Amino acid sequence: MARPHYRHHTRPTQLVWCLLLITHAAAGILLLALSLIATALSAIWVGLPLLATLTRLLRGHAHTHRRMLGHHLADGPVPPPPYRRLTDTRLSTQVTTLLTDPATRRDYIWLAANSTAGLILAALPLVLLTHGLLALAHTYTWRYAPSFYALQPVTTQADAWPSLITGALLLTLAYIATPAALHTYIRLNRRLLAPTEHDRLTARVAHLATSRAHTIDAQASEVRRIERDLHDGAQARLVALGMSLGLAEETLTRDPATAHRLLTEARETTRQALTELRDLVRGIHPPVLVERGLDGALRALALTHHTPVDVDIDLPGRPPGPVESAAYFAVAELLTNTAKHAHATRAWVHINHGRDRMVLTVGDDGHGGLDPDSGTGLTGIRRRLAAFDGHMHTTSPPGGPTVITMELPCALAPEPQDPPHPPTDRPRAHPSTAQP
């Protein structure tokens, strides 16, 4: 596991977090004690319902702790491991599923470690600070109560002054040890709560299998759409074109006016068929995307959109063709949704690239309230991005604005540059013809 990067917090903030973590660990101690009691009672089947309930509470307790760790880690909250789902309603099956789940066993290991070593690490800075302050206060409070220092009774002010040195040393040690203890606590909990390498590989395989199935379904749906469009559109018009030409051929000699009308209809049918074929090809892969890249294609799309669209694209190169196509159609679908449902007066598209990821942001100033799970459009975009290991995040509060951020891992190929023109050598004058 990579070394974590921490967010900067001041010493008082770190001490407050230590107090919160102690409180959370104390709740974990109670949960651990109840789990041990439920495990002992399970021998007579009395503790099974309690154990199942406590295991569910443990998952919520661990998930809350992952979010708390996210306030200290630069990468955000710790991702949860893949828990096994409880699909069966029978108690014995649920308990068996919970107890045989590797992620649940790791949660219990974390609970035991956090209730002991984690509690000590979180309490260490506060213990040092408290004892340091008490040692400093001892130089004044010795007058009001019998006290001892270094196992000797303190009867005069001179006897109390050494506690000032002890207090200063403890406060210095607390100042130095606070970030170290807190970071050690975070590293310990992160290692126990984060998914293992096996969990990540399993989740990755499941994600790839799901995205592959979605891609195959999308490709099959796209093939059926193309077949339907060809059958109902261009093919029907070509059949009509053939019939018009046949009738024109039959009536050409005996009724030239009718033949001329039929030829005119055939020409119009040809124009409509070509238009439908161009639209069909544009829906498969727009020619402007091949010729001008993602930047030019999206700017051309923005010019034809009903809502004014601001386009800001900063790409030092071109992404691979499939990624470029997925990004184009995702933005086009979102802009179409904006025109249909958002009632917006302005939309924007921002695209940049960094850390081998292309980030696309599409937003509008509409009424907001977009539910990312409400329609098939966003689901289709999410599946299109998942085929390239990308993901989408939606922010749409009621009243707007709606901002949708998409990320696609990709490397950019440098833009081809025109070769420099070779310098033209001007003919030199012959020495015998040179001007004086």
Side-chain angles (χ1 to χ4, degrees), residues 1-8 66 69-70 72-82 190-191 194-216 218-219 285-286 288-299 301 310-335 348-363 372 378-395 403-417:
M1 184 178 294
R3 185 180 182 88
H5 298 282
Y6 303 102
R7 296 181 181 180
H8 176 71
R66 293 186 184 97
L69 296 179
H72 302 274
L73 295 171
D75 298 335
V78 178
R190 176 176 176 265
R191 180 173 294 275
T196 62
E197 189 66 27
H198 180 269
D199 294 336
R200 284 191 289 269
L201 290 176
T202 302
R204 176 66 174 167
V205 170
H207 172 73
L208 291 177
T210 304
S211 62
R212 178 177 178 271
H214 290 162
T215 302
I216 293 174
Q219 290 177 347
H285 196 79
V288 67
L289 188 61
V290 179
E291 298 170 0
R292 299 171 55 185
L294 185 61
D295 191 337
L298 290 179
R299 294 185 187 278
L301 179 65
D310 298 329
V311 180
D312 181 15
I313 300 178
D314 182 15
L315 294 177
R318 289 193 63 171
V323 176
E324 194 174 52
S325 178
Y328 173 83
F329 284 110
V331 173
E333 178 69 21
L334 292 176
L335 291 179
W348 58 88
V349 177
H350 296 164
I351 302 179
N352 54 32
H353 186 272
R355 297 183 180 180
D356 293 331
R357 303 183 73 86
M358 183 168 61
V359 181
L360 306 93
T361 304
V362 180
L378 294 180
T379 303
I381 295 174
R382 193 176 291 109
R383 291 178 177 177
R384 187 189 294 271
L385 300 178
F388 302 95
D389 201 18
H391 59 87
M392 179 176 66
H393 177 70
T394 303
T395 302
V403 179
I404 299 177
T405 304
M406 300 170 287
E407 291 190 12
L408 279 169
C410 67
L412 299 183
E415 292 283 358
Q417 298 180 356

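Computed from a predicted model, the values in this text were never measured in an experiment.
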A.B. asks: Sequence neighbours excluded, which residues qualify as salt bridge (charged side-chain N to carboxylate O under 4.0 Å, His left out) partners of R357?
C.D. replies: E407
A.B. asks: Can you give me the closest heavy-atom contact between C410 and P319, atom names plus distance?
C.D. replies: SG-CB, 4.1 Å
A.B. asks: Tell me, please, which residues at least two apart from V311 pass side-chain contact (heavy atoms from CB on, under 4.5 Å).
C.D. replies: R299, A302, V309, I313
A.B. asks: Does the side chain of L289 come within less than 4.5 Å of E324's, by heavy atoms?
C.D. replies: yes
A.B. asks: If you look at every heavy atom in P195 and P80, which pair is closest and at what distance?
C.D. replies: CG-O, 3.6 Å
A.B. asks: Going by ring-ring contact (aromatic ring centres under 6.0 Å, His included), name the residues that satisfy it together with H72, two or more places apart in sequence or in a different chain.
C.D. replies: H9, W17
A.B. asks: If you look at every heavy atom in L412 and P316, which pair is closest and at what distance?
C.D. replies: CD1-CD, 3.5 Å
A.B. asks: Of all the heavy-atom pairs spanning L385 and M392, show the shortest one and how long it is.
C.D. replies: CD1-CB, 4.0 Å
A.B. asks: Do you know the tightest heavy-atom contact between A327 and M358?
C.D. replies: CB-CE, 3.9 Å
A.B. asks: First locate atom CG of L378, then atom CD1 of I404, and finally report the distance between them rounded to the nearest 0.5 Å.
C.D. replies: 5.5 Å
A.B. asks: Determine, step by step, whether L315 and N352 satisfy the side chain to side chain contact (heavy atoms under 4.5 Å, CB included) criterion, reporting the C-alpha distance in whole Å, the side-chain angles of both residues, the deciding distance to 0.1 Å, and the verdict.
C.D. replies: CA-CA 6 Å; L315 294 177; N352 54 32; 5.7 Å; no
A.B. asks: Would V331 and M406 satisfy side chain to side chain contact (heavy atoms under 4.5 Å, CB included), going step by step from the backbone distance to the final call?
C.D. replies: CA-CA 9 Å; V331 173; M406 300 170 287; 4.2 Å; yes
A.B. asks: Quick one: CG on L301 to CZ on F329, what's the gap to the nearest 0.5 Å?
C.D. replies: 10.0 Å
A.B. asks: For the residue pair V78 and R190, what are the closest heavy atoms and their distance?
C.D. replies: CG2-CG, 4.3 Å
A.B. asks: Within the structure provided, determine whether V349 and L360 are in side-chain contact (heavy-atom separation under 4.5 Å).
C.D. replies: no
A.B. asks: Is L73 close to Y6 at the side-chain level, that is, under 4.5 Å between some pair of heavy atoms?
C.D. replies: yes
A.B. asks: In the structure I gave you, are the side-chain heavy atoms of V362 and L335 within less than 4.5 Å of one another anywhere?
C.D. replies: yes
A.B. asks: Compare all side-chain heavy atoms of I381 with those of L334 and state whether any distance is below 4.5 angstrom.
C.D. replies: yes
A.B. asks: Which distance, rounded to the nearest 0.5 Å, do you find between the CG of D314 and the CD1 of I351?
C.D. replies: 10.5 Å
A.B. asks: Once you round to the nearest 0.5 Å, how far does CG of L298 lie from OH of Y328?
C.D. replies: 7.0 Å
